[in-house]
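Report on the following structure.
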Amino acid sequence: MALLQISEPGQTTAPHQRNYAAGIDLGTTNSLVAINRSGQVETLPDNDNNHLLPSVVHYAENDIIVGHAAQNLQAADPLNTLSSVKRIMGRGIEDVKSLGNVLPYEFDGNNDSAVPRIMTRQKSVSAIEVSAEILSVLSNRAEQTMGEALSGVVITVPAYFDDAQRQATRDAAKLADLNVYRLLNEPTAAAVAYGLDQQAEGMIAVYDLGGGTFDISILNLTRGVFEVLATGGNSSLGGDDMDHAIAEWLIEQAEIKAIDAKVIRNLLIASRKAKEDLTQQESTLIDLPQLGFSLTLDRTQFNHLVEDLVNKTLMSCRRALRDAKIEKEEINNVVMVGGSTRVPLVVDQVGKFFNCTPLTDLDPDRVVAIGAALQADVLAGNKPDQELLLLDVLPLSLCIETMGGLSEKIISRNTPIPVARAQEFTTFKDGQTAMAIHVVQGERELVSDCRSLAHFELRGIPPMTAGAARIKVTYQVDADGLMSVMAEELSSGVKADIVIKPSYGLTDGEIETMLRDSMSHAKEDIDARMRAEQQVEAQRVIEAIDSALTKDGHDLLNDNEFKAITVARNELEKVLQSATTEELKVAIKSIEVISEEYVAKRMNASVQKVLSGKNINEVEV
Ligand code: ADP
Ligand code: MG
């Protein structure tokens, strides 16, 4: 029963038995598989010694072909040869329409499924099915190499993938009959490949420049927990643009006049080769006898050609740092990922920008798969003394108490730890300067039905109108199972934090009961939740009325009007705790009706103030 599966993967096997677990980088252009082979993590090649498997699937009459062979058929049979499907994983039909020029396929308009399906001569297929074909080839490669079935895999996904995109990736793995230990963010995998999770603390920038895309991720690593602070980049910027820049230069230099598709193709192939040569050499000869020229391109000229492109990536870095709200000096490590980071100018410029030496020792094509394999090995239970707690999942959700005694989940149960999640809250009253934070654990809607873990208070919030403060509450569970909570008022930077220890003292039996309860009480819980929400709403109305009446009640209302509103307000307060959801709704509505005119007068008054020359910021409606 899935509901009760709360033990960690890999734990049931005998301690000395080795579980083979693979890491899979399921890429837009290329995919790879890596595995720990007798202590050494390496990517696995096919029979032709290719480590990279092009993420291309060809649907033939009776066959499905994946990889290089499929890529070779792409020009001849584009509609039945699918590539770059990662771009539509977890996307709806509407999203796909806007990608029409990127993915020139025929979508099946006659199906009720929410997932877009591409027509091929065999059948119509979704991105999930196409990805499953790629995953199968890679897992078969691993199983053949090791001569044994895989116990599970870690698959990497871009840090910006949302829930739907992640779920689609999991579904693809399920179709390929793989046991997914977890999905891992690509930049995190790259950082893990360099062992940063073992040694360093602090901010990490992962700079990933591939063939057609650029991704920058800013990670914060604390006690083995990676938190993604920001992601950015450009989904149409990469090594291909360098090839184009060289090709344009060639056209200019050789004064090529007759340009057709074939000429461009030849120019691009030669340009790409020249670019890759210049990684090792200071200059290279571009010889195209069929076009009647031969030219030397040196590194200085090449750098000049691609400098704008590199600058564009740095602009994205600047933006990501701003989103992460950190300065570039705060970055401790820069990890280079993607084939195009082999270009020396890229490493130079990135190093200058961050003022440090970027990490380039590992093959930038393989670094993500290697990190995934390292993680898979730990999750399979092969490293009993190392980071064992990476295996842990949260047995019950960690929640926060919100107004009305409701429990709001911050981290859902079964999330692998270590993990850190943040959520923003605001103040409820005008001028509120402190906020009580109640940390609870459990699946039920009401705090009283969950387990209380800790109380703490955030003090010193600058007084603001209700709803103006922005309080970021971060829950973090580290590799040791220690939970800490931090709260920060974002505009003032006021902070408070607490460490909770031990975090989970519940027995498995208790957990089971709590889970069962949350199922059988679902209906009851929803009713209770709705009532609690109405109570919160009622209280909000009372607060608003009080605050308004104190400010200008006596100026804008005559005694009778003032009294009518006060009576209704008091009535609502009196029934607040005892009334049913419906009764509360009625009482709130009646206050709204009674104070309608007052609200109008207040708005008028503030408009008058503005007209009399006051700054709009001084006016409160
Ligand atoms: P993607 O992430 O899009 O799948 P990759 O990370 O595999 O792409 O990178 C592919 C890009 O890397 C191509 O543009 C390729 O020309 C470039 N590349 C590969 N090797 C080199 C090299 N030695 N020098 C410069 N660019 C290279
Ligand atoms: Mg890539």
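Numbering of ligands and ligand atoms starts at 1, following listing order. The model shown is predicted, which means the values in this text are computed figures rather than measured ones. In what follows, residues are counted from 1 in the order of the sequence shown.
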Check: Is there a side chain to side chain contact (heavy atoms under 4.5 Å, CB included) between Leu221 and Asn333 once you walk through the steps?
Finding: CA-CA 11 Å; Leu221 173 64; Asn333 282 290; over 6 Å; no
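Residue Gly211 has at least one N or O atom closer than 3.5 Å to an N or O atom of ligand 1. At under 3.5 Å, a nitrogen or oxygen of Thr29, whether backbone or side chain, sits near a nitrogen or oxygen of ligand 1. At under 3.5 Å, not a single nitrogen or oxygen of Thr28, backbone or side chain, sits near a nitrogen or oxygen of ligand 1.
Against a heavy-atom cut-off of under 4.0 Å, Gly239 is close to the following atoms of ligand 1: 14 (O). Every atom of ligand 1 with a heavy atom of Val343 under 4.0 Å away is listed here by number and element: 25 (C). Distances below 4.0 Å separate heavy atoms of Gly212 from the following atoms of ligand 1: 3 (O). In summary, the atoms of ligand 1 found under 4.0 Å from a heavy atom of Gly338, numbered by their order in the structure, are 6 (O). Distances below 4.0 Å separate heavy atoms of Asn30 from the following atoms of ligand 1: 4 (O), 7 (O).
Using a 4.5 Å heavy-atom threshold, the side chains of Ile251 and Leu267 count as touching.
Remark: His51 pairs with Thr43 by the side chain to side chain donor-acceptor pair (under 3.5 Å) rule, at least two apart or across chains. With sequence neighbours left out, Glu248 forms a salt bridge (Lys or Arg N to Asp or Glu O under 4.0 Å) with no residue at all.
Considering all non-hydrogen atoms of both residues, Ala190 and Val335 come closest at CB-CG1, 3.8 Å. Closest approach of Lys275 and Phe302 over heavy atoms only: CG-CZ, 3.8 Å.
Under a 4.0 Å N-O distance rule, the pair Lys312/Asp241 does not qualify as a salt bridge. Ionic pairing of Asp277 and Arg299 is not present here: no N-O contact between side-chain nitrogen and carboxylate oxygen is shorter than 4.0 angstrom.
Across Lys273, Arg366, Glu186, Arg342, heavy-atom proximity to atom 19 (C) of ligand 1 is greatest for Arg342. Summarising the contacts of atom 14 (O) of ligand 1 with Lys275, Glu276, Lys86, the nearest heavy atom is found in Lys275.
Within the 4.0 Å heavy-atom cutoff, Gly27 does not count among the residues contacting ligand 1. Put simply, no part of Gly238 is less than 4.0 Å from ligand 1, judged by heavy atoms.
With a 4.0 Å cut-off on non-hydrogen atoms, Arg272 touches ligand 1 through its side chain and not its backbone. Contacts between Asp365 and ligand 1 below 4.0 angstrom, taking non-hydrogen atoms only, involve the side chain exclusively. Proximity of Thr279 to ligand 1, defined as any heavy-atom pair under 4.0 Å, is confined to the side chain (atoms from C-beta onward).
Applying the side chain to side chain donor-acceptor pair (under 3.5 Å) test between Ser55 and each of Ser131, Ser31, Ser84 identifies Ser31 as the sole match.
In this structure, Lys328 satisfies the cation-pi test against Phe353, with its NZ or CZ atom closer than 6.0 Å to the six-membered ring centre and inside 45 degrees of the ring normal.
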